[in-house]
Amino acid sequence: MDAYERITRNAAEVVTEEEVRELAADPEGRRAYVGYEPSGVLHVGHMLTANKLIDLQEAGFEVVVLLADVHAYLNGKGTFEEIEATADRMQAQFLAYGLDEEQTEFVYGSEFQFDRDYVLDLHAIELETSLARAERSMSEIQGGDTVRVSQAVYPLMQALDIVSLDLDLAVGGMEQRKVHMLARDVLPKVGYDAPTCIHTPLIADLATGIGKMSSSEGVTISMEDTTAEIEAKITDAFCPPTREPEPDDEGRERENPVLQLFEYHVFPRFAEVVVERPEQYGGDLTYDDHESLAAEMESGDLHPADAKGALVTYLDRLVDPGRERLASLR
RNA sequence: CCGCCCUUAGCUCAGCCUGGUAGAGCAGCCGACUGUAGAUCGGCUUGUCCCCCGUUCAAUUCGGGGAGGGCGGACCA
């Protein structure tokens with residue numbers, strides 16, 4: 001796998017391919033980041049961007065994880081004290097999950113976001129951005145049901161973070177794309193380069209296959225789940241034997257979250273997946289890529305129930321180190 | 001600061017005029033059927049009726065006050 005392929009694999013969107021190819025041509029010492037609001041518990045959504053960071057480390061990038069405490073505060077996620085505590089725990093979980101401690105730089109937003117130069121730049125960007133645009137960029141991120149002024153400042157700070165942290169590449173889930181596009185528009189207006197971005201897909205809600213998995217609602221797999229909880233959630237998961245389920249009765253698009261978890265979480269971290277299957281159904285199966293697993297489910301050679309059993313096993317292996325780390329912290 | 005509207009189950013809301021502590025749909029849970037889930041049947045659960053004060057035998061309902069939210073107090077029509 002070449003550098004470009006590794007940098008972009010499993011990405012839902014690359015902005016722009018040309019810019020990433022330039023980075024891929026000389027990846028050593030390049031800097032990439034993901035910003036996380038320390039809110040709730042680390043779940044598979046976070047781990048998806050974490051997988052991307054691991055890819056980038058393997059490609060030679062320096063990786064920065066921004067623990068966006070100020071952003072969480074602006075987004076109504078609690079007091080600074082509460083946010084700090086969550087952030088510390090989150091950092092430990094990321095390391096346990098597999099980010100290389102030597103190559104990963106953890107930064108708190110509050111370490112630099114109150115600097116005079118930062119704030120002056122922020123005001124300059126505020127002047128260049130309409131309230132409607134800022135608000136629109138937050139549609140997938142916004143917490144609470146009432147739009148606050150702080151939530152309009154939020155995306156502008158995100159743009160400035162990319163400059164302040166001296167980054168070559170911004171990584172985020174697809175819910176971040178509007179914020180990143182805003183950054184690409186506005187930063188050049190105040191004399192900075194438009195940032196290059198990679199967006200990871202959003203995994204659908206486990207129970208319904210609709211929308212995106214989130215910690216605030218619906219069913220998600222978190223780093224705190226026990227084996228039994230993971231098993232219960234996967235057993236209940238929506239899983240028609242196809243990669244492209246029909247929309248539901250109300251016309252909402254549906255995905256297959258079980259296959260998504262295999263694609264974005266299991267196969268990137270395991271070279272081989274063994275599906276244990278009772279003899280009566282034909283015995284064990286082995287796959288070394290997602291494509292063959294998905295194809296066999298669609299053809300009927302792999303029953304969803306057997307796939308789910310394997311998914312539980314591998315997800316549990318992924319979650320286990322973080323769970324251990326969390327337990328030792330308490 | 002002024003005006004109008006809203007606040008009832010997890011969600012969207014009905015009920016309030018004509019006081020007697022509450023309903024629907026969806027969601028959720030359980031069971032049947034499928035070697036998963038979903039779909040489909042069958043069954044079930046759920047409430048400080050935003051808060052305080054007042055009137056009353058009795059207030060979710062009437063009156064007063066307060067809090068939170070939306071929209072106006074531009075143009076256009």
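Lettering follows sequence order; numbering is per chain, from 1. Since we're looking at a predicted model, the values are computed, not measured.
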Pair A:Arg243 + A:Glu263, salt bridge at N-O below 4.0 Å: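 No, this pair does not count.
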
In terms of side-chain geometry, is the basic nitrogen of A:Arg323 or A:Asp320 positioned less than 4.0 Å from the acidic oxygen of its partner?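 So A:Arg323 pairs with A:Asp320 through a salt bridge.
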
[X] [atom1] - [N] [atom2] separation (whole Å):
{"X": "A:Ile210", "N": "B:A27", "atom1": "CD1", "atom2": "C1'", "value": "12 Å"}
{"X": "A:Leu261", "N": "B:A37", "atom1": "CG", "atom2": "P", "value": "17 Å"}
{"X": "A:Asn256", "N": "B:U36", "atom1": "CG", "atom2": "P", "value": "15 Å"}
{"X": "A:Phe238", "N": "B:U34", "atom1": "CZ", "atom2": "P", "value": "21 Å"}
{"X": "A:Leu206", "N": "B:A37", "atom1": "CG", "atom2": "C1'", "value": "11 Å"}
{"X": "A:Asp301", "N": "B:U36", "atom1": "CG", "atom2": "P", "value": "17 Å"}
{"X": "A:Glu298", "N": "B:A37", "atom1": "CD", "atom2": "P", "value": "20 Å"}
{"X": "A:Met297", "N": "B:U36", "atom1": "CE", "atom2": "C1'", "value": "9 Å"}

Run the ring-centre check on A:Tyr281 versus A:His303 and record whether the distance is less than 6.0 Å.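 A:Tyr281 vs A:His303: aromatic centres not under 6.0 Å.
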
Residue met sooner reading RNA chain B from 5', once A:Asp236 and A:Thr208 are mapped to nucleotides: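 Nearer the 5' end of the strand: A:Thr208.
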
Would A:Tyr281 pass as stacked on B:G35, i.e. its ring centre under 5.5 Å from the base's six-membered ring centre and planes under 30° apart?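 Whether judged by distance or by angle, A:Tyr281 passes, so it stacks on the base of B:G35.
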
Consider the side chain of A:Thr146, meaning its heavy atoms from C-beta on, and name the nucleotide among B:A37, B:G35, B:G69 that approaches it most closely.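 Selected nucleotide (nearest to the side chain): B:G69.
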
What nucleotide, of B:G38, B:G35, B:U36, holds the atom closest to the side chain of A:Arg254?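 Selected nucleotide: B:G38.
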
Can you tell me how far [atom1] in [N] sits from the matching atom in [M], rounded to whole Å?
{"N": "B:G25", "M": "B:G64", "atom1": "C1'", "value": "36 Å"}
{"N": "B:G10", "M": "B:C57", "atom1": "P", "value": "35 Å"}
{"N": "B:G23", "M": "B:A9", "atom1": "P", "value": "14 Å"}
{"N": "B:G66", "M": "B:G73", "atom1": "P", "value": "25 Å"}
{"N": "B:C75", "M": "B:A14", "atom1": "C1'", "value": "38 Å"}
{"N": "B:U60", "M": "B:G42", "atom1": "P", "value": "36 Å"}
{"N": "B:C41", "M": "B:C51", "atom1": "C1'", "value": "45 Å"}
{"N": "B:U61", "M": "B:C2", "atom1": "C1'", "value": "29 Å"}

Side-chain donor-acceptor pair under 3.5 Å between A:Gln151 and A:Asn75, yes or no?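 Per modelled atom types, A:Gln151 and A:Asn75 side chains form a pair under 3.5 Å.
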
Given A:Thr104 and A:Gln57, is the side-chain hydrogen bond (donor to acceptor under 3.5 Å, both in side chains) satisfied, shown in steps? CA-CA 8 Å; A:Thr104 308; A:Gln57 283 180 337; 2.6 Å; yes

Hunt down the Watson-Crick or G-U wobble partner of [N], both distances under 3.5 Å, from any strand shown, or write none.
{"N": "B:C4", "value": "B:G70"}
{"N": "B:U60", "value": "none"}
{"N": "B:U55", "value": "none"}
{"N": "B:G31", "value": "B:C41"}
{"N": "B:C17", "value": "none"}
{"N": "B:G47", "value": "none"}
{"N": "B:U12", "value": "B:A24"}

Reckon [X] touches a base, only the sugar-phosphate, or nothing at all at heavy-atom distances under 4.0 Å?
{"X": "A:Arg148", "value": "sugar-phosphate"}
{"X": "A:Asp248", "value": "nothing"}
{"X": "A:Pro241", "value": "base"}

Please work out which of the three classes, parallel, tilted or perpendicular, describes the rings of A:Phe80 and A:Tyr73, given edges at 30° and 60°.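 Because their plane-to-plane angle is under 30°, the rings of A:Tyr73 and A:Phe80 count as parallel.
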
Reported CD1-to-CZ distance for the pair A:Ile198 and A:Arg9, which is rounded to 0.5 angstrom: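 With rounding to 0.5 Å, CD1 (A:Ile198) is 12.0 Å from CZ (A:Arg9).
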
